[in-house]
There are 2 protein chains.
Amino acid sequence: MTTRERPTLEAVARRAGVSRATVSRVVNGSTTVAAGIRDAVNQAVDELGYVPNQAARSLVTQRTDSIALILPETANRVFSDDLFFPAIIRGVGMELEAADKQLVLMMTGSEAGHHRVERYAVAGHVDGVLFASIHGADPLPGALAQRGIPVVCSGRPMSDGPQVPYVDVDHAGGVAAAVRHLVAAGRRRIATIAGPQDMVAGLARLAGYRDTLRQAGLPELVAQGDFTRDSGIAAMRDLLDRDPSLDAVFAASDLMAHGALQTLRAAGRRVPDDVAVIGFDDFDISRYSDPPLTTVRQPIAESGRTMAQLMLRLIAGDEDVPESVVLPTELVLRESA
Amino acid sequence: MTTRERPTLEAVARRAGVSRATVSRVVNGSTTVAAGIRDAVNQAVDELGYVPNQAARSLVTQRTDSIALILPETANRVFSDDLFFPAIIRGVGMELEAADKQLVLMMTGSEAGHHRVERYAVAGHVDGVLFASIHGADPLPGALAQRGIPVVCSGRPMSDGPQVPYVDVDHAGGVAAAVRHLVAAGRRRIATIAGPQDMVAGLARLAGYRDTLRQAGLPELVAQGDFTRDSGIAAMRDLLDRDPSLDAVFAASDLMAHGALQTLRAAGRRVPDDVAVIGFDDFDISRYSDPPLTTVRQPIAESGRTMAQLMLRLIAGDEDVPESVVLPTELVLRESA
DNA sequence: TTGTATGCGTTATCAC
DNA sequence: GTGATAACGCATACAA
């Protein structure tokens, strides 16, 4: 391991026979430098393998050109078979890469992790903070915003603290379309497997289900899940116990819908003949389930891109960044309903 | 969003009626400060919400107190049902948290991402770089090391560039134990589903299989996989086609073993009566498969912890950090073999 | 035990 | 177009 000294601007300047200021200009792509000198400097940079010291640069520019994406979950939770986080990351990553910003991923499953992130951001390690999801009335986004740090959330924050820009999808519209589709098909005992009630996505989809059923004058039947497949399996069993005559299920996530399909099959119910099933997400795997899953498509990667775009505008000092962006959802009809 | 000015050391000093140096001492936990003054400073810090500017601090200390963990994969690959990365992250995370270092996660599936990481590290954003896995003869670890940046890899690097400290597990020993167990049980047509051959883990496990079979005087039968469940399904089909009389399979990953179980069941073979199956990893889910999977346990989280420990020692300037650490593996007997 | 003075490597504001 | 020079916010050797 060669612990070579890191070359500084000064070293490059000496080698190229110019001043530090000129080197700085070349490195930062200023156009007011003579071509000959520019080439000489670039050559010196290459020869020495010069890379600007980020700390020194940040100190004066007040920028780091990197942005944190917070995954408020433990490693195990993040790396489950849930494809939500990967899609968010992909969307954010593409957009930031195009803007030449570095994406810094942080997981904050623990309380301590939470506090670390706050210090990390306030210490100026990153120019802004993106939240991939929010649990309950998490005060962190608001706290950071109040510190003057640009923040964008995925999903409307439930905190009643300072308002923070967010990107969300039209949960209510998507759920309404799904439930109406079931009603129109003549289903009368329509159950739901709800998502976690400490997240807006869980709350909003359950509310959408209730509203739509009420309008249709039909009774509700709710089981609780947490978006995972296992919880879908258990919730479906619960539902069958409580009302063996049910003829449709709306699951608040694709994974729970897959779990429901599994339980229904084990219970000898045919889908969709006996029981219709609709999910929410439209993950790739839902095209290949048995039967292929009818589901509400939400544009997750697009949501990530939008978050990144808002962030870039905030950082650029754009005054009229929208308080929120709500992306459309869409019912995708396949064979399960 | 209140864009309050961030307080500096100077502001705290004024408020507490002391010099900047004293504030700095208190903030950094120096013991040579009078209790009364210490309290006054701490109070001022709290009132102002002071957090040291990381850029300024790094500039003088040459440290950032954060460490990068590189996942050389795309988001989709990282967030599959593979539990390897979560375990590595958990191990690294625990150790770094205890040392009060910030973990920065970076995914470098693309070539561009690769280059970004190099610049990020060389620019001094992090004190060291951990690689969660290595594909082929990746030159990046060596390149960083040559720049004087502490690097630790998971798995022996295949590059013949500069040597880099690494943590690995005893692939050969584990595989040998597994294959010998099959031989001792009277199995004579022992196939393997190999892992990707651009990774040491894939290579070493295949080599271990071959060596042990040769010693036993038995013929080999190899199908190719990439550690995923799907590849295990396909490879098992391939194996059954090529030799319907096979009576055992060693899969180089638990997921591939699960895929194999699935294929065998579909083909009407009983496990372990007709075909014995052994995996490699010992993920939690392998306790609950049907039948429970006999497998080679590798201590993944422990491996992550060890990587972090080596890194902390490197950063601390420890002279005699071992070139490599090889952790033991262990055959875990359950019902599939 | 506390304060003063210096420098870390860069960018930006000036003159030239 | 180019070169001095002053910040940026902090830690630390040295003085007191």
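A straight line from CZ of A:Arg57 to C1' of C:dG9 spans 11 Å, rounded to a whole angstrom. The CG-P distance, from A:Leu9 to D:dA4, rounds to 13 Å in whole Å. Between B:Arg63 atom CZ and C:dC8 atom P the separation is 17 Å, expressed in whole Å. A:Asn28 has its CG atom 13 Å from the C1' atom of C:dG9, to the nearest Å. A straight line from CD1 of A:Ile37 to C1' of D:dT2 spans 7 Å, rounded to a whole angstrom. The CZ atom of B:Arg20 sits 13 Å away from the P atom of D:dA7 (whole-angstrom rounding). In this structure, CG of A:Leu59 is placed 9 Å from C1' of C:dC8, rounded to the nearest angstrom. Rounded to whole angstrom, the span from the CZ atom of B:Arg38 across to the C1' atom of C:dT1 amounts to 12 Å.
Of all heavy-atom pairs between B:Arg313 and B:Asp320, the closest is NH2-O, 3.3 Å.
Checking C:dT2, D:dA11, D:dG3 against the side-chain heavy atoms of B:Ser24 singles out D:dA11 as nearest. With distances taken from any side-chain atom of A:Arg25 to the nucleotides C:dT13, D:dG9, C:dT10, the minimum falls on C:dT13. Distance from the side chain of A:Ala21 is smallest for D:dA4 among the nucleotides C:dG9, C:dT1, D:dA4. The side chain of A:Asn53 lies closest to C:dG9, out of D:dC10, C:dT11, C:dG9. The side chain of A:Thr8 lies closest to C:dG9, out of D:dT2, D:dG9, C:dG9. The listed nucleotides are D:dC10, C:dT10, C:dT1; the one nearest the side chain of B:Ala56 is D:dC10. Comparing atom distances between the B:Thr61 side chain and each of D:dA11, C:dT10, D:dG9 picks out D:dA11 as nearest. For B:Val60, whose side chain is taken as the heavy atoms from C-beta onward, the closest listed nucleotide among C:dT10, C:dT2, D:dG9 is D:dG9.
In summary, the side chains of B:Glu323 and B:Gln163 do not present any donor paired with an acceptor at a separation below 3.5 Å, with no hydrogens or angles considered.
Ionic pairing of B:Lys101 and B:Asp65 is present here: one or more N-O contacts between side-chain nitrogen and carboxylate oxygen are shorter than 4.0 angstrom. Between A:Asp100 and B:Arg116 there is a salt bridge, since at least one side-chain N of the basic residue sits less than 4.0 Å from a carboxylate O of the acidic one.
Taking side-chain N and O atoms only, B:Thr22 has no distance below 4.0 Å to OP1 or OP2 of C:dT2.
Between A:Val27 and B:Thr32, the one whose closest nucleotide on DNA chain C sits nearer the 5' end is B:Thr32. Mapping A:Val23 and B:Thr31 onto DNA chain C by nearest heavy atom places B:Thr31 at the nucleotide closer to the 5' end.
Side-chain contact between A:Thr64 and A:His125 is absent, with no heavy atoms from C-beta onward closer than 4.5 Å.
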